[in-house]
Structures are given as C-alpha cells and as structure tokens.
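Quick notes on the structure that follows.
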Number of protein chains: 2
Amino acid sequence: MSWRIVGAVTRWEPNARGRLEQAALELFGEHGYEQTTVDDIARRAGLTKRTFFRHFADKREVLFGGADEFKQLFVDGLTGAPASAAPLEAIAVTLEAVADAFHDRRELARRRQRVIMANAELQERELVKLAGVAAALAAALRERGVAEPAASISAETAVAVFRNAFERWVAAADRRELPELIGESLDALRGVTAGRR
Amino acid sequence: MSWRIVGAVTRWEPNARGRLEQAALELFGEHGYEQTTVDDIARRAGLTKRTFFRHFADKREVLFGGADEFKQLFVDGLTGAPASAAPLEAIAVTLEAVADAFHDRRELARRRQRVIMANAELQERELVKLAGVAAALAAALRERGVAEPAASISAETAVAVFRNAFERWVAAADRRELPELIGESLDALRGVTAGRR
DNA sequence: AGGGTGACGACACCGAATGTCATCAGCCCT
DNA sequence: AGGGCTGATGACATTCGGTGTCGTCACCCT
C-alpha cells in the first residue's frame, strides 16, 4: 500500500499517526464526523482500518492527540506560579501561561472547534479531556498545600473559566485576544463570588 | 414473548421502559457495563434489542432516564430563589433544593454511582448531562438578569460545587448529609475566590 | 363493523472495535 | 555474509452497537 517504491529507506511511509490525524481532520471538515468512516480515514492516509486502531483507541481520539500536552500546560503553569500566590492568583498565572501556547493557533483552534461543536460524541470526549485537566490541576493544587475540597473546586473553576474564555475566543464574532477574555471571565468569577449583583 | 396470558387488559406487559432500566441496572451491577450486551438487557426485560433502542437512544442512556428531571430540579430551584438574591446566594438556595430531592435516595445513588464510576463511557455521558444542567442554569441566571460571562461561569461553578459534594456524599467513608457537604464545598469556593490561602 | 394507531418482533445491514495470524524490512549478533 | 529477532503493518474473522424496514396485532375511535 504505502511502501516507498524507489530509494526506500524504510518499509513504510513515516509518521503514520500524523497522516491519520491529518486525514481525519480533513475528512471531518469536508463531510462531517459521522459521515466519515474509519476506513475512509485510513485509506486517505494510505493505511488500513486495523492500523488506525493501533494508533488511536477509538475514532474520536484521532482529534485529541494533543490532550496530554494540553493538560501538561496547565500543570506546568501552576508549578511555575510563585509558591506565595493564593490559589486564585496562581490560577490566573496558569491560565495566562496556557493562553500563550495558543497565541498563534487561533485559526487551527477554530477549525478543530467547528468539527467538535458539530457532533455530540466529540463534545462528550472533549468534556472528558477537560475533566482530566481539572483532575491534574487539583492534584497540583494539593501539591501546593491547598486542602480538599478547595483544591478540586478551584481546579474545576479554573477549567470552567478557561473554557468560557476559549469558546468566546474561537467564536468568530469576538476579535479580542485570549488573555483579555480570560481576564474578563476571571473578573466575572470574582464578581459573582464576592456577592455582587 | 411478554403477553399477558389470562385476563389480558393490554397486549404487552406494561412499563417496558422501566423494566429495561431495572434489568440494565441489575446486569451492570452483576457483570459490569461492558460485559452486558443490549441483547442481555432486552431479554431479561422480556423484549428485543430493537425495542430497547426504541426506548433509549443508545446503551448508556438507560442509566440516565432521570436526567431531565434532575436538570429541572436545578432550574426550579433557581426560579424559586428570591429575586433579590445575588447569584451566589441564589445558587446556594438552589443546591439546597436539589439536595432535598436526594434526601432519601442515598443508597440508590450509591449503587448507580458505582456502576458509572466503573466505566469510562458512562462517566463521559454523565459529564454531558451535567453540562446540560450547567447550560440550563446559565439560561435561568440570564433570565434573572445576570450578564454573560458571569451567568455561564456561575452556572458551571454551581454544578462543580454540587458534583463535588455529591461525590463525597456517595463515598462510603463520609457519613455527613448532602446539605452539609454542599455547604462545605460552597465555603471552599468562597474561601478560594476571596483570596484566602 | 371497519379502519387507524402504536408498540412490538423479525430480519437485514452498516460500521466501530478487537483478536489473531501472516508478512517483511531493518536491525543486531555472530 | 548469514541468520534470527523485532516491530509495524495487512488480511481476515468476529462481536456488538445502532438503524432501516416491514409485518403483526391488540386497542381505540367512529
């Protein structure tokens, strides 16, 4: 199927996983998630269905290959916050750091988000990934000495704030940048919990 | 299959949906979610696989039949809060109201939660249901005059607080009741956002 | 009495997901 | 140079979730 015919240095075309991700994003964008079969993706990548499932646990996972790095952004951001910072300050620092990583990827984020928002199964998976981020954040907060249930509540809130800002960031309407939107969401949180009407 | 032989008043045994839910919860508890096929569930309920899918959109949904009522508990609770209450106060009132509905269902909640916690697919679906609650809460908050993004952030936070308390409530270790745990989680939230270390 | 309705069974079918075995280029070891 | 090992892949078979379609039949309404 995908051998190099001449001057072969390897038996297979390299980066099978990346080709699958690329093919999947294209096909999902062209025909939608449900209308695309795993066979379609594998064929476009020059592979077979069986090989797809060797690289991804299921059809959805092909869109979430970066989830671990994403989670790590949060954990590293929190680790990088000054030990003296109170939880909410540390979270603010963390979210700024995460936002940095997205600075030049707004268009990519939009394409991916459009695919996800068009399908309930994919939104389900996204929620799981965000829950994983929250769990990792909670563990990192406990590491900083924050007790339960404050650590878990803070972590969930942090993710909620980020997601809220992120969704507005990828929405075509808003031209503001992610850090500003995060600041706005954080202010809204502070306002609400301060008892402001 | 399931006709009443004598004295039939209806062609079919009544409450097919309820029987399917009952059979599913039993089988999931006995052999696990993955080890139970839809055919197994349908047979125990005296029905066929095809009929199962007439009552539930997919295999997971059989465990989430009460999701709409659950969501409505939140919305009604918020609607019942005094119009003068600030968002966080209104949320506190709402969560108390929701907790009331679970007062005498701790054991049922535990059995169901054990099944869900044992399977990733089911946790995924639970996250979706909770996201639906958050969305409904956000809409209800906007109805009360809370602007975005405060409404969405508040709603997500409210759900996070409830979930945190609920999980501790169903954990065998804790003997305290749900309202107290909710209060504790709310206090943790207030503490964190007040900048307390 | 007759036609409509709604719930269900029977059957066929698609696609996601997994187990198993064969294949073969590159590598290491002698 | 030769032989065996390894790891990624293809090929094939199978299970199960999910759907489309049609037939059946008690119930209901007129």
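By convention in this document, chain letters (A, B, ...) are assigned in the order of the sequence lines, proteins followed by strands, and residues within each chain are numbered from 1. The shown structure was predicted, so the numbers you read here are calculated from the model rather than taken from an experiment.
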Just to be sure I understand the geometry, which residues of residues 118-125 of chain B put a non-hydrogen atom under 4.0 Å away from DNA chain C? none
A/Arg144 and A/Thr79: side chain donor to acceptor below 3.5 Å: no
Indicate whether the side chain of A/Asn164 and that of B/Glu156 have a donor and an acceptor atom separated by less than 3.5 Å. no
For D/dT9 and A/Thr51 - does any side-chain N or O of the residue sit under 4.0 Å from the phosphate oxygens OP1/OP2? no
Does either side chain, that of A/Asp40 or that of A/Thr37, offer a donor lying less than 3.5 Å from an acceptor on the other one? yes
Verify whether the ring centers belonging to A/Phe64 and A/Phe70 lie closer than 6.0 Å. no
Show the distances under 3.5 angstrom between N or O atoms of the protein and N or O atoms of nucleotides 13-17 of chain D.
| from | atom 1 | to | atom 2 | distance (Å) |
| --- | --- | --- | --- | --- |
| D/dG17 | OP1 | B/Lys59 | NZ | 3.2 |
| D/dG17 | OP2 | B/Val38 | N | 3.2 |

Determine to 10° how strongly the helix from C/dA1-D/dT30 to C/dT30-D/dA1 is bent, judged from the axes of its five-pair ends. 10°
How would you list, by chain and number, every residue that makes a salt bridge (charged side-chain N to carboxylate O under 4.0 Å, His left out) with A/Arg110, sequence neighbours excluded? A/Glu107
To the closest 0.5 Å, what do you measure between CZ (B/Phe162) and CD (B/Glu96)? 10.5 Å
List the steps and the verdict of side chain to side chain contact (heavy atoms under 4.5 Å, CB included) for B/His55 and B/Glu21. CA-CA 10 Å; B/His55 287 277; B/Glu21 287 173 342; over 6 Å; no
Connected hydrophobic set around B/Val128, excluding itself, where side chains approach under 4.5 Å: A/Leu127, A/Val128, B/Leu127
Would you tabulate the pairs of protein nitrogen or oxygen atoms and nucleotide nitrogen or oxygen atoms of nucleotides 22-25 of chain D closer than 3.5 angstrom?
| from | atom 1 | to | atom 2 | distance (Å) |
| --- | --- | --- | --- | --- |
| D/dC25 | O4' | B/Arg11 | NH1 | 3.3 |
| D/dC25 | O4' | B/Arg11 | NH2 | 2.6 |
| D/dC25 | O2 | B/Arg11 | NH1 | 2.4 |

